[in-house]
Visitor: 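Below you will find the structure I want to go over with you.
Side chains are part of it too, since the values below use all heavy atoms of this structure and drop only hydrogens, waters and symmetry mates.
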Amino acid sequence: MEIIAGTIDSFSADVLFDMARYRHEVFVEKLGWKLHTRGRLELDEFDRKDTIYLIARNPDGEIVGTSRLLPTHRPYLLASVFPQLLGDTPAPCSPDIWELSRFAAGDGTRLGGDPHGWSLALDMLSAAMRTVAKEGGRRLISASPLGIERILRRTGLSAHRAAPPVRVDGQLLFACLIDVDKNWCPHRDRHADGIGRVARRPAGEGAAAIRSVQEPEA
């Protein structure tokens with residue numbers, strides 16, 4: 001499995017099509033989100049030239065995970081679509097804080113789903129922190145389901161709520177702030193329970209490799 005990072009201009013049209021199709025399968029078809037889509041492809045106004053994508057692919061080249069990174073000093077999803085999750089807290093607006101959105105891993109699961117999806121999701125979270133750290137970012141922020149807190153506590157990451165949870169379309173969501181640690185990567189204990197045990201390990205020791213894409217792939 002590989003995780004590739006890049007912008008729209010970095011990827012071929014086929015890769016971008018597959019990413020948009022995967023997002024539709026996960027967020028619209030499986031999770032039932034009410035999103036504006038076209039032709040079973042999911043893209044929105046935050047899919048811009050400056051957006052950084054992480055795309056996980058299996059050995060067959062199939063997309064099995066995606067996420068999107070946006071610096072908060074430019075328009076981003078949480079501040080524009082879910083400002084209620086911030087409560088009385090001013091929306092972050094800084095190149096030091098990056099939004100993590102459209103995060104999915106495995107067969108339509110998000111962080112905290114089945115063991116395979118959970119394992120991949122943690123690898124992608126590690127990749128997101130390393131990618132943001134290279135851009136000078138110090139924190140991630142994301143609109144997250146409430147259940148994510150328990151999982152993040154088990155990972156040893158520094159994460160907290162920006163404001164109390166809010167019910168949106170029947171689900172409790174909160175604005176989750178995570179301190180970026182570029183040296184963190186998941187370490188699974190084979191005797192762990194369904195959530196697993198995760199420890200900080202040196203970057204590169206068991207971490208999923210990230211390949212930065214500078215030019216369009218063939």
Visitor: Please confirm whether the backbone N or O of Pro71 pairs with a side-chain atom of Tyr76, one donor and one acceptor, at under 3.5 Å?
Guide: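 Not at all, since once roles are kept as given, no pair shorter than 3.5 Å links the two residues.
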
Visitor: Which pair of heavy atoms, one from Ala133 and one from Lys182, lies closest together, and at what distance?
Guide: CB-CB, 3.8 Å

Visitor: Considering all heavy atoms of both residues, which atom of Leu140 and which atom of Leu125 are nearest to each other, and what is their separation?
Guide: CD1-CD1, 4.2 Å

Visitor: Between Asp60 (side chain only) and Glu62 (backbone N and O only), is there a donor and an acceptor less than 3.5 Å apart?
Guide: no

Visitor: Can you find a pair of side-chain heavy atoms, one from Arg161 and one from Leu146, that are under 4.5 Å apart?
Guide: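 Of all side-chain heavy-atom pairs linking Leu146 with Arg161, at least one is under 4.5 Å.
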
Visitor: Apply the test side chain to side chain contact (heavy atoms under 4.5 Å, CB included) to residues Leu157 and Asp179: give CA-CA distance (whole Å), side-chain angles for both, the deciding distance (0.1 Å), then the verdict.
Guide: CA-CA 7 Å; Leu157 289 172; Asp179 290 341; over 6 Å; no

Visitor: Got more than 12 heavy atoms from elsewhere within 6.0 Å of CG, Asp88?
Guide: no

Visitor: Walk me through whether Phe82 and Val166 qualify under side chain to side chain contact (heavy atoms under 4.5 Å, CB included).
Guide: CA-CA 10 Å; Phe82 298 111; Val166 175; over 6 Å; no

Visitor: Checking Ser10 side chain against Ala5 main chain: does a donor-acceptor pair fall under 3.5 Å?
Guide: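 No: the side chain of Ser10 does not pair with the backbone of Ala5.
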
Visitor: Any salt bridge linking Arg57 with Asp18? Criterion: basic side-chain nitrogen under 4.0 Å from a carboxylate oxygen.
Guide: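 Answer for the salt bridge query: no.
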
Visitor: Just by distance, do the side chain of Thr89 and the backbone of Ala162 share a donor-acceptor pair under 3.5 Å?
Guide: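 Checking the backbone N and O of Ala162 against the side chain of Thr89, a donor-acceptor pair under 3.5 Å is found.
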
Visitor: So which of Leu78, Thr51, Ile141 actually passes side-chain contact (heavy atoms from CB on, under 4.5 Å) with Leu70?
Guide: Thr51

Visitor: Find the distance between CG (Leu54) and CG (Leu100) and round it off to the nearest 0.5 Å.
Guide: 8.0 Å

Visitor: Has the side chain of Trp98 got a donor or acceptor atom that lies under 3.5 Å from a matching backbone atom of Thr131?
Guide: no

Visitor: Tell me, do Leu69 and Glu135 make a side-chain contact under 4.5 Å, heavy atoms counted?
Guide: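 Side chain of Leu69 against side chain of Glu135, heavy atoms only: no contact under 4.5 Å found.
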
Visitor: Once rounded to the nearest 0.5 Å, what's the spacing between atom CZ of Arg40 and atom CZ of Arg21?
Guide: 3.5 Å

Visitor: Side chain to side chain contact (heavy atoms under 4.5 Å, CB included) between Leu120 and Met1: does it pass, once the steps are laid out?
Guide: CA-CA 9 Å; Leu120 175 58; Met1 191 269 291; 3.3 Å; yes

Visitor: Mark yes when over 12 heavy atoms from residues, nucleotides or ligands other than Arg138 sit less than 6.0 Å from its CZ; otherwise mark no.
Guide: no

Visitor: Looking at every non-hydrogen atom in both residues, tell me the closest pair between Trp184 and Ser126 and how far apart they are.
Guide: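 In this case the closest contact between Trp184 and Ser126 is O-OG, 2.9 Å.
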
Visitor: When you compare the side chain of Pro164 with that of Phe174, does any pair of heavy atoms fall below 4.5 Å?
Guide: no

Visitor: Please report the interatomic distance CD1(Ile63) to OH(Tyr22), rounded to the nearest 0.5 Å.
Guide: 8.5 Å

Visitor: Can you name the closest pair of heavy atoms from Phe17 and Leu41 and give their distance?
Guide: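 Looking at all heavy atoms of both residues, the closest pair is CE1-CD2, 3.8 Å.
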
Visitor: Which value, rounded to the nearest 0.5 Å, describes the distance between Phe46 atom CZ and Arg102 atom CZ?
Guide: 9.0 Å

Visitor: Between Phe103 and Ser67, which heavy-atom pair has the shortest distance, and what is it?
Guide: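 Shortest heavy-atom separation between Phe103 and Ser67 comes out as CD1-CB, 3.6 Å.
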
Visitor: Do any N or O atoms from the side chain of Gln171 and from the backbone of Pro145 form a donor-acceptor pair under 3.5 angstrom?
Guide: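 Judged by distance alone, no pair lies under 3.5 Å.
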
Visitor: How far apart are the C-alpha atoms of Ile8 and Leu43, what are their side-chain angles, what is the distance that settles it, and do they pass the side chain to side chain contact (heavy atoms under 4.5 Å, CB included) test?
Guide: CA-CA 12 Å; Ile8 282 180; Leu43 295 168; over 6 Å; no

Visitor: Only one of Thr37, Thr66, Asp47 forms a side chain to side chain donor-acceptor pair (under 3.5 Å) with Arg23, so which one is it?
Guide: Asp47

Visitor: Atom CD of Glu45 and atom CG of Leu77: how far apart are they, to the nearest 0.5 Å?
Guide: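 Glu45 CD to Leu77 CG: 8.0 Å, rounded to 0.5 Å.
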
Visitor: Do Lys49 and Asp9 come close enough that some side-chain heavy atom pair is under 4.5 Å?
Guide: yes

Visitor: Going by an N to O cut-off under 4.0 Å, is there a salt bridge joining Asp50 and Arg74?
Guide: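 Salt bridge between Asp50 and Arg74, a charged N being under 4.0 Å from a carboxylate O: yes.
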
Visitor: For a 4.5 angstrom cut-off between non-hydrogen side-chain atoms, does Arg48 reach Pro75?
Guide: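 Yes; the side chains approach each other to less than 4.5 Å.
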
Visitor: Tell me whether Thr72 contacts the main-chain N or O of Ser94 through its side chain, where contact means a donor paired with an acceptor under 3.5 Å.
Guide: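 Yes.
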
Visitor: Looking at Arg139 and Val180, what are the two nearest heavy atoms and their distance?
Guide: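 Nearest pair, atom of Arg139 first, then Val180: N-CG2, 3.6 Å.
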
Visitor: Would you confirm whether Glu42, through its side chain, and Val28, through its main-chain N or O, come within 3.5 Å as a donor-acceptor pair?
Guide: no

Visitor: CE/Met124 to CD1/Ile55 distance, rounded to the nearest 0.5 angstrom?
Guide: 8.5 Å

